[in-house]
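To start, the structure itself, in structure tokens.
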Amino acid sequence: MARSMSVLRRLMSALAGDSPSPDRRRNRRATPMLNSLEDRMVPSHFGGLHHHGHALATALAAATSTGTTTGTTTTTGSTSSTSNTALSTANQTLRSDIQTIELASGTTIGQLTAVRAAFHTLAGDGLTPSSSSALTSFEDSLVTSLASGTTLTGNAALLSQFEALYTATPTAQQTTDLTAAYDALAAAVTSANIT
């Protein structure tokens with residue numbers, strides 16, 4: 001109640017043009033805290049934003065735990081730091097390649113939504129691929145086929161391969177929905193302009 005009166009008093013004095021009455025301020029002390037991070041104790045930023053430190057440490061741990069290690073290793077106390085130039089170079093190349101593909105792509109949000117809706121319809125029909133790796137492999141083969149000059153839209157051989165991922169004997173409705181899903185996927189891949 002006292003706090004609301006203080007706020008009300010400040011608002012009224014601001015409207016009247018008076019200077020607000022000085023309120024007694026409480027001293028607040030910043031207290032450093034320690035948070036556990038992968039069996040190490042690291043200082044957080046006074047209780048806030050500690051999740052950023054965790055995300056950074058997780059990313060660094062993932063980066064230093066994969067690939068071949070080149071560079072130097074320094075040990076201080078119970079922590080060690082490893083520099084990995086091969087991984088860093090590979091990550092930079094990957095980022096550059098992804099950016100090049102994205103800049104050249106003409107795939108629209110509408111096309112991606114059509115693909116998602118078509119696969120949702122297949123699930124509603126009770127159709128699931130024989131395995132997720134088989135579907136991923138088929139999608140990769142679409143990109144490779146496009147890059148080699150094969151026309152994806154209306155390609156009966158590729159449509160047949162796609163249908164075989166789901167069922168050997170589709171019903172009429174399933175055939176219609178599988179064709180729609182393939183066409184949506186083919187349109188999105190074709191618009192990606194991958195060469």
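The analysis underlying the following values was restricted to heavy atoms, covering all of them including side chains, and did not include hydrogens, waters or symmetry mates.
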Exercise. Any sub-3.5 Å donor-acceptor pair from Thr176's side-chain atoms to Ala172's backbone N or O?
Worked result: yes
Problem set entry | Approximate separation, where rounding is to 0.5 Å, of Asp140 CG and Ser133 OG | 10.5 Å
Seminar exercise, completed: In terms of heavy-atom contacts, Ala184 and Ala118 come closest through CB-CB, 4.5 Å
Exercise. Which pair of heavy atoms, one from Thr107 and one from Ala192, lies closest together, and at what distance?
Worked result: OG1-N, 3.2 Å
Exercise. What closest approach, in Å, do Val189 and Leu146 show between heavy atoms, and which atom pair accounts for it?
Worked result: O-CD2, 3.2 Å
Problem set entry | Within 6.0 angstrom of Leu94 CG, more than 12 heavy atoms from elsewhere | yes
Exercise. Side chain of Thr100, backbone of Ser96: donor and acceptor closer than 3.5 Å?
Worked result: yes
Exercise. CG/Asp97 to CD/Glu102 distance, rounded to the nearest 0.5 angstrom?
Worked result: 11.0 Å
Exercise. Taking atom OG1 of Thr190 and atom CD of Gln111, what is their separation to the nearest 0.5 Å?
Worked result: 8.5 Å
For this session: Check the hydrophobic clustering (I, L, V, M, F, W, Y; side-chain heavy atoms under 4.5 Å; chains of links allowed) and say if Val115 and Ile101 are grouped together.
Result: yes
Exercise. To the nearest 0.5 Å, what is the distance between CG (Leu127) and CD (Gln174)?
Worked result: 4.0 Å
For this session: Determine, step by step, whether Glu139 and Val143 satisfy the side-chain contact (heavy atoms from CB on, under 4.5 Å) criterion, reporting the C-alpha distance in whole Å, the side-chain angles of both residues, the deciding distance to 0.1 Å, and the verdict.
Result: CA-CA 7 Å; Glu139 290 168 347; Val143 173; over 6 Å; no
For this session: Specify the closest pair of heavy atoms between Tyr166 and Phe162, including all atoms of both residues, with the distance to one decimal.
Result: CD1-O, 3.4 Å
For this session: Output, in order, the C-alpha distance, side-chain angles, deciding distance and verdict of side-chain contact (heavy atoms from CB on, under 4.5 Å) for Ser145 and Leu152.
Result: CA-CA 8 Å; Ser145 296; Leu152 303 181; 4.1 Å; yes
For this session: Check whether any side-chain heavy atom of Asn155 sits under 4.5 Å from a side-chain heavy atom of Leu159, and report yes or no.
Result: no
Seminar exercise, completed: dist Thr153:OG1 -> Tyr182:OH (nearest 0.5 Å) comes out at 7.0 Å
Problem set entry | Smallest separation among heavy atoms of Ala134 and Leu165, with atom names | CB-CD2, 3.8 Å
Problem set entry | Distance (rounded to the nearest 0.5 Å) between Asn193 CG and Leu103 CG | 12.0 Å
For this session: Start with the C-alpha distance between Thr171 and Thr175, add both sets of side-chain angles, then the distance that settles side-chain contact (heavy atoms from CB on, under 4.5 Å), and finish with yes or no.
Result: CA-CA 6 Å; Thr171 65; Thr175 300; over 6 Å; no
Exercise. Distance-only, no hydrogens or angles: does the Ser160 side chain make a donor-acceptor pair with backbone N or O of Ala156 under 3.5 Å?
Worked result: no
Exercise. Can you check whether Asn84's main-chain N or O pairs, donor with acceptor, with Ser88's side chain at less than 3.5 Å?
Worked result: no
